[in-house]
Amino acid sequence: MDKVIVIGAGLAGCECAWQLANNNYQVDLYEMRPKKSTPAHHSDLFGELVCSNSLRAASPTNAVGLLKEELRQLNSLLIECADKTKVPAGGALAVDRTLFGEEITARIKSHPNITVINEEVKNLDFDTKVVVASGPLTSGELAETIKQLTGSEYLYFYDAAAPIVTKESINMDVAFHASRYGKGEGEYVNCPMTKEQYTTFYSELVRAEVVPVKEFEKEIYFEGCMPVEEMARRGEQTLTFGPLKPVGLEDPITNERYHAVVQLRQDNKEGTLYNLVGFQTHLKWGEQKRIFSMIPGLENAEFVRFGVMHRNTYINSPEVLNDKLQLKSNPKISFAGQITGSEGYVEAMATGMAAAYGIIHDKAFPRETAIGSLVNYVSESSSKNFQPMNINFGLFIPPEKKIRDKKQKYEYYKDRALDTIINFMKNI
Ligand code: FAD
């Protein structure tokens, strides 16, 4: 029986270890907790959810719902445990986090092909295949090893990302394309504000609920990366001299100057996603949706990723990984989970599945699937300013013929993805 080392019994590591073990691999699963913990984990359970207990939307006509459905079809252990321990949460799949963690721990520990080793891994000198699934809070010495392995500029230690919306959800009757002072080719989408609109927006922004800052996250502020709400608190007009400055962006028809302008920058090659420039934030996700939807042009914006600011160790995957999540320079070493630059619980499980399939079947998931689209983002997007990303339909191959009706379009993505997954499984 071939042996594989999996590092980290988190969401990605557990899924990966389970799939390998079910396919006759002998797995040594290393987990440093409880001997050594991370600043965000509170228990010694495997697959601990470090923050929210929600795995987000349940419906397969939503991108993350579809990702879960694909995982279900692939006999994912973690989705099975989530379904078993779910709690009422409207349209979302949320779980009792303790029962969820206990179920995963029990299943993993009782698998005859998995040996759990409670030790911190510090280097990658193994003579077998290795999957690094040590998460966004990878311990220091292992992070150092990964840094050397992948090239020092390819490991990021924190994530201070602005929210991202889909282009098609921006109201272009209000917003307009332009670059400041007419330089460039009008790449930015600009959302102009009158004084009244800005004042209302400002007063909500400074009163909004924020996620409490953990001690280990405070370092982020010293890196010159100020959350937008924090900058706003310095004075009512501070933002209009900073990221919301209106100069060089006069009304294209009347030439009048706005009071403030929010700029959105293209975020993916396809031009389907745009980020809010300078809007890295600590606001709770619900508050981000409520307050940023007050920006003219973003009334009905679809947020595919909310702003986050937390420590987040991830590699520059497009530079160093192939489509099976293996190091291009040494395919014996695979990566899975948040460390690859995927963002979110279900995404971590999905990349755990993808890394396992890379080893077991030497195959990448098809691009038509949600898993394939996520892995494609991780391994193929631009390596410049690479940022972790949640699954969203903007990452999928668009339909051959444009489908205007959104519901129909999402149905199309769902049917195409699930048919593809079923065929993919049949063929292997
Ligand atoms: P983890 O689940 O963190 O698993 C990694 C495991 O590796 C851990 O058990 C760790 O102890 C172990 N480990 C680390 N280093 C070593 C080592 N050297 N040797 C052995 N073991 C090691 N996503 C959401 O969808 N919703 C949220 O609400 C959310 N909140 C987050 C809050 C914070 C503070 C952070 C940091 C991230 C959050 N995320 C959230 C993002 C992400 O989904 C989670 O971090 C998720 O747990 C990532 O899964 P993972 O398997 O990659 O890593």
Side-chain angles (χ1 to χ4, degrees), residues 5-17 28-57 64 67-68 78 82 92-95 97 100-101 104-105 108 116-124 126 130-146 157-161 211-217 220 282 284-286 305-306 308-315 325 335-355 374 378 388-391:
I5 307 283
V6 176
I7 304 168
L11 298 168
C14 287
E15 188 63 64
C16 186
D28 281 358
L29 176 59
Y30 283 80
E31 171 52 57
M32 66 179 186
R33 288 177 297 124
K35 278 189 189 159
K36 179 172 179 172
S37 195
T38 79
H41 287 84
H42 297 290
S43 75
D44 56 2
L45 293 176
F46 295 173
E48 180 179 335
L49 302 179
V50 287
C51 189
S52 159
N53 67 330
S54 171
L55 306 188
R56 317 202 313 277
V64 74
L67 190 60
K68 285 195 278 288
L78 274 83
L93 173 60
V95 299
R97 71 176 73 235
F100 176 66
I104 297 169
T105 310
I108 291 279
V116 173
I117 302 169
N118 279 121
E119 268 173 37
E120 177 186 0
V121 174
K122 297 182 177 171
N123 59 57
L124 297 172
F126 297 102
V130 183
V131 181
V132 182
S134 46
L137 303 167
T138 293
S139 72
E141 284 182 58
L142 181 58
E144 197 49 48
T145 301
I146 296 167
F157 286 100
Y158 65 82
D159 188 7
V211 180
V213 181
K214 296 196 178 71
E215 201 48 45
F216 72 96
E217 292 169 333
I220 293 171
H282 247 302
K284 290 189 166 169
W285 288 6
R305 175 192 162 133
F306 287 105
V308 288
M309 294 190 75
H310 55 69
R311 189 183 132 197
N312 194 359
T313 306
Y314 63 98
I315 56 176
L325 299 178
F335 283 79
Q338 187 99 353
I339 198 164
T340 64
S342 67
E343 170 78 32
Y345 296 153
V346 186
E347 289 81 349
M349 301 170 191
T351 51
M353 180 72 82
L374 179 68
V378 160
M389 177 75 82
N390 286 123
I391 187 69

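Just follow the structure's listing: the first ligand is 1, and inside any ligand the first atom is 1. Hydrogens, waters and symmetry mates are skipped; everything else that's a heavy atom, side chains included, is used. Please read these numbers as outputs of a predicted model, since none were measured by experiment.
- Within the 4.0 Å heavy-atom criterion, neither part of Val346 lies near ligand 1.
- Backbone and side-chain nitrogen or oxygen atoms of Glu31 are examined, and one is located within less than 3.5 angstrom of a nitrogen or oxygen of ligand 1.
- Contact between Lys122 and ligand 1 is absent, with no heavy atom of the residue lying under 4.0 Å from the ligand.
- Between Arg33 and the options Glu48, Glu120, Glu119, a salt bridge (charged side-chain N to carboxylate O under 4.0 Å, His left out) holds for only Glu48.
- Under a 4.0 Å criterion applied to the non-hydrogen atoms of Gly8, ligand 1 contributes the atoms 6 (C), 7 (O), 12 (C).
- Closest heavy-atom contact between Ala133 and Ala12: CB-CB, 4.2 Å.
- Looking at Lys68, its side chain does come within 3.5 Å of a backbone N or O of Ala57 through a donor-acceptor pair.
- With ligand atoms numbered from 1 in the order given, ligand 1 contributes 2 (O), 46 (C), 47 (O), 51 (O) to contacts under 4.0 Å with heavy atoms of Leu11.
- In Ala133, the part holding a heavy atom less than 4.0 Å from any atom of ligand 1 is the backbone.
- Applying the side-chain contact (heavy atoms from CB on, under 4.5 Å) rule to Thr105 yields the partners Leu45, Phe46, Lys109; only residues at least two apart in sequence or on another chain are considered.
- With sequence neighbours left out, Arg56 forms a side chain to side chain donor-acceptor pair (under 3.5 Å) with Glu347.
- Atoms of ligand 1 lying under 4.0 Å from any heavy atom of Pro136, numbered from 1 in the order shown and given with element: 3 (O), 36 (C), 45 (O), 53 (O).
- Listed by number with element, the atoms of ligand 1 under 4.0 Å from a non-hydrogen atom of Gly337 are 52 (O).
- No donor-acceptor pair closer than 3.5 Å links the side chain of Asp28 to the backbone N or O of Ile5.
- Between Val50 and ligand 1, no N or O atom pair is found at a separation short of 3.5 Å.
- Polar contact with ligand 1: absent for Glu48 (N/O pair, distance under 3.5 Å).
- At least one N/O-N/O distance between Ser139 and ligand 1 falls below 3.5 Å.
- Geometrically, ligand 1 and Gly13 share no nitrogen or oxygen pair separated by less than 3.5 Å.
- The Ala12 neighbourhood of ligand 1 comprises atoms 51 (O), with distances under 4.0 Å to a heavy atom of that residue.
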